[in-house]
*Asks:* 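First, the structure itself, so that you have it in front of you.
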Number of protein chains: 2
Amino acid sequence: MVTIGDVARAAGVARSTASYALSGRRAVSDEVRERVRQAARDLGYAPNAGARALATSQTRVIGLLAQFLPDEFAPAMLQYIQGVTNTARDAGYDILLSSDPDGPAALKRITDSRMVDGVVLLNVAEHDDRLPVLRAAPQHGALVGLPGDCTGVDVFDLDFEESGRSMIAHLHTRGHRELLLVSQPEHVIERGGAYVWRLQNAALETAAARGITLHAVYGSSAQPEIGRELHALLDAYPDATGLLLNNEAAAAALPTVLHERNLSAPEDLSVIGRYSDEFARTFSLPFSSIESAPDRLGRMAVRQLVRRVEKEVPADAPYVVRFVSPDLVDRGSTAAPPPAD
Amino acid sequence: MVTIGDVARAAGVARSTASYALSGRRAVSDEVRERVRQAARDLGYAPNAGARALATSQTRVIGLLAQFLPDEFAPAMLQYIQGVTNTARDAGYDILLSSDPDGPAALKRITDSRMVDGVVLLNVAEHDDRLPVLRAAPQHGALVGLPGDCTGVDVFDLDFEESGRSMIAHLHTRGHRELLLVSQPEHVIERGGAYVWRLQNAALETAAARGITLHAVYGSSAQPEIGRELHALLDAYPDATGLLLNNEAAAAALPTVLHERNLSAPEDLSVIGRYSDEFARTFSLPFSSIESAPDRLGRMAVRQLVRRVEKEVPADAPYVVRFVSPDLVDRGSTAAPPPAD
DNA sequence: CTGAAAGCGCTTACAG
DNA sequence: CTGAAAGCGCTTACAG
């Protein structure tokens with residue numbers, strides 16, 4: 001391989017000079033700089049990443065800790081990964097992707113061995129086993145998802161409380177008085193998926209305050225189970241006029257369920273989901289939805305992380321917890337309830 | 001950070017001895033080995049990845065070059081990524097994920113800088129710009145997808161020719177004489193997506209040989225366009241009794257289209273797709289399909305790559321081109337054609 | 001403005 | 001069975 005020594009020799013200068021000429025971290029005469037650059041180009045020089053990391057203690061790699069959980073809907077996960085990966089690239093960082101089911105072990109390994117300058121944790125749980133590892137690590141971390149304890153990390157998440165409130169308010173305003181809410185499976189909560197109850201509790205509170213009957217249930221995160229459950233739910237509450245979905249699989253299954261019941265939205269049933277626009281397009285979902293903004297959250301997390309890694313932010317700058325306000329994308333699936341018959 | 005020097009000092013031995021005790025690459029007395037291990041454990045020692053890479057010229061990282069193309073269906077892509085990532089982890093490798101739209105540049109950068117021991121290329125095109133870069137690189141590469149020129153790389157792909165033949169044969173045997181085939185968009189072909197015409201041409205040949213009328217068309221890779229196109233297609237060929245799909249978006253859209261037309265498979269129309277079982281579950285697709293085996297292909301690619309990287313295979317071992325035989329997963333969506341009316 | 005040297009943390013021949 | 005030393009390819013104080 002061609003090293004900086006080869007470049008220096010070709011340019012007739014010392015290795016240090018070649019290094020400075022290339023990095024610009026010290027003044028170099030125009031003539032020498034040009035000679036060095038030319039030599040580097042001619043030889044096809046590329047700095048060895050390991051050597052540079054050893055010398056600078058910087059890898060320009062960000063660790064991305066994803067997890068493909070059997071009770072999460074994988075296509076939704078993909079959006080976050082893309083958001084993080086694209087932003088990192090634009091900022092000049094590569095992504096080391098871990099999908100190890102043993103998140104804490106994977107995180108410990110890549111931070112201990114200094115493979116990364118910082119990490120982004122996806123799908124963060126209320127009590128996330130990866131957090132103690134992250135706090136003990138010398139690298140910074142940014143989370144997508146709100147844990148119970150945010151000390152020492154930057155946190156980004158959708159405002160699920162506000163999402164729940166606005167879903168209810170939206171339908172209440174249009175005259176609905178009995179609604180259904182399908183959340184993620186209960187074991188997602190048990191695993192610490194706080195966003196499930198954050199949205200649900202806020203929805204229940206708002207419903208109570210507004211005199212709305214809200215039936216909140218947990219649904220499967222896989223087809224075809226969730227389709228059957230939706231049927232059962234609609235059978236059980238025939239008077240409900242609106243359906244709220246905090247469950248991607250349920251949203252994906254709903255068009256078929258409505259077809260099978262010969263219902264349409266919003267004529268027979270108003271529907272609001274919570275998923276990304278990209279997700280809506282992939283699954284051709286015609287329902288209005290709270291934008292879950294995975295690309296935006298991924299971008300925010302990476303940006304903040306890079307700011308810390310590159311010390312653009314003072315070392316004692318307080319850690320941030322930032323919520324993205326829910327945005328309702330109107331796809332015309334809500335209206336006044338149908339006249340009672 | 002704790003270095004091997006710290007471990008050596010704590011164990012009262014030389015750094016080299018500590019290194020050997022930990023790696024096992026040279027005999028070390030039981031007593032010393034135990035002392036070193038204990039010290040390493042006590043101090044929480046983890047070797048510095050950069051330093052190790054510099055010393056050994058091995059990173060234990062595999063580059064994964066994915067591309068999220070606007071005309072490909074992202075959820076299908078995810079399966080390959082998971083297959084590669086999981087297999088790599090099991091083999092003791094981490095994954096450096098690139099989704100840079102400029103694949104050749106990204107590949108050149110990570111190989112030139114020695115960030116990876118080898119690379120896996122996903123979604124390989126007939127004339128793939130990344131291949132010249134890969135061939136010029138010192139690292140080995142494994143491809144998922146068949147390029148026109150396979151020299152210098154190991155290649156893994158589904159046998160699309162055989163897939164096309166078997167789809168036709170399957171329906172021919174059941175008595176069908178007029179069929180439809182929906183492929184990926186034509187620009188996928190123009191971009192070099194050879195699998196599109198590999199399946200299509202084989203299907204057309206087999207159909208001709210068996211006296212079957214096969215109408216082959218290109219379909220969009222996004223909803224809702226593809227849904228409209230399916231409707232138009234079924235309108236245009238009312239006598240066709242079977243529908244073949246080499247287009248994930250079309251498969252995802254079909255259940256709704258059939259509902260809207262009040263058709264069911266296989267009573268009114270026999271259907272065979274080409275996608276993974278995981279994909280079928282995600283989208284709740286009730287159609288029999290040729291298993292595209294993304295996890296298996298990802299696994300095969302990583303295994304072969306690791307074999308080369310670790311020199312378990314002689315340096316002059318011939319490169320392989322391996323096709324996975326299509327497997328028809330029967331979901332009961334094919335039968336004899338309905339009686340003509 | 002430039003160079004010689006030290007050092008980052010490993011591994012691995014070379015000696016004993 | 002163990003140790004002292006060289007070397008991997010960089011960057012960056014230290015000198016001039």
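Naming: A, B, ... by sequence-line order, numbering from 1 per chain. Worth saying up front: this structure is predicted, and the values here are computed from it rather than measured.
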*Asks:* Determine whether a donor-acceptor pair (N or O, by modelled atom type, separation under 3.5 Å) exists between the side chain of A:Asp157 and the backbone of A:Phe323.
*Replies:* no
*Asks:* Quick one: stems involving DNA chain D, counted as three or more successive Watson-Crick or G-U pairs, both distances short of 3.5 Å.
*Replies:* C:1-3 with D:14-16, C:5-12 with D:5-12, C:14-16 with D:1-3
*Asks:* Tell me whether B:Arg25 at atom CZ has more than 12 heavy atoms from other residues, nucleotides or ligands lying less than 6.0 Å away.
*Replies:* no
*Asks:* Quick one: do the B:Ser98 and B:Asp100 side chains pair a donor with an acceptor below 3.5 Å?
*Replies:* no
*Asks:* First and last nucleotide of DNA chain D touching chain A, 5' to 3', heavy-atom cut-off 4.0 Å?
*Replies:* D:dG9 to D:dC14
*Asks:* Does a side chain donor of either B:Arg41 or B:Gln38 reach within less than 3.5 Å of an acceptor in the other side chain?
*Replies:* yes
*Asks:* Side chains of B:Ser99 and A:Asn86: does their closest heavy-atom pair fall under 4.5 Å?
*Replies:* yes
*Asks:* Please check if the side chain of B:Gln139 supplies one atom and the backbone of B:Val116 the other of a donor-acceptor pair under 3.5 Å.
*Replies:* yes
*Asks:* Rounded to the nearest 0.5 Å, what separation is found between the CD atom of B:Gln79 and the OG atom of B:Ser292?
*Replies:* 7.0 Å
*Asks:* With A:Asp112, which residues qualify under side chain to side chain donor-acceptor pair (under 3.5 Å), at least two apart?
*Replies:* A:Lys108
*Asks:* Once side-chain contact (heavy atoms from CB on, under 4.5 Å) is applied, do any residues pair with A:Ala53, and if so which ones, sequence neighbours excluded?
*Replies:* A:Thr59
*Asks:* Which value, rounded to the nearest 0.5 Å, describes the distance between B:Leu78 atom CG and B:Ser276 atom OG?
*Replies:* 9.5 Å
*Asks:* Short of 4.0 Å, heavy atom to strand atom, which residues of residues 35-51 of chain B count as contacting DNA chain D?
*Replies:* none
*Asks:* With a 4.0 Å cut-off on N to O distance, would you call B:Asp154 and B:Arg307 a salt bridge?
*Replies:* no
*Asks:* When rounded to the nearest 0.5 angstrom, what is the spacing between CG in B:Asp149 and CZ in B:Arg135?
*Replies:* 4.0 Å
*Asks:* Mind checking whether B:Leu65 and B:Ile110 have side chains closer than 4.5 Å, heavy atoms only?
*Replies:* yes
*Asks:* Is there a residue in residues 16-29 of chain B whose heavy atoms reach under 4.0 Å of DNA chain D, and which residues are they?
*Replies:* B:Ser16, B:Thr17, B:Arg26, B:Ala27, B:Val28, B:Ser29
*Asks:* How do A:Arg15 and A:Glu31 order along DNA chain C: which one's closest nucleotide is nearer the 5' end?
*Replies:* A:Glu31
*Asks:* Return the 5'-most residue of the pair B:Leu54, B:Gly12 with respect to DNA chain D, ranking by each residue's nearest nucleotide.
*Replies:* B:Gly12
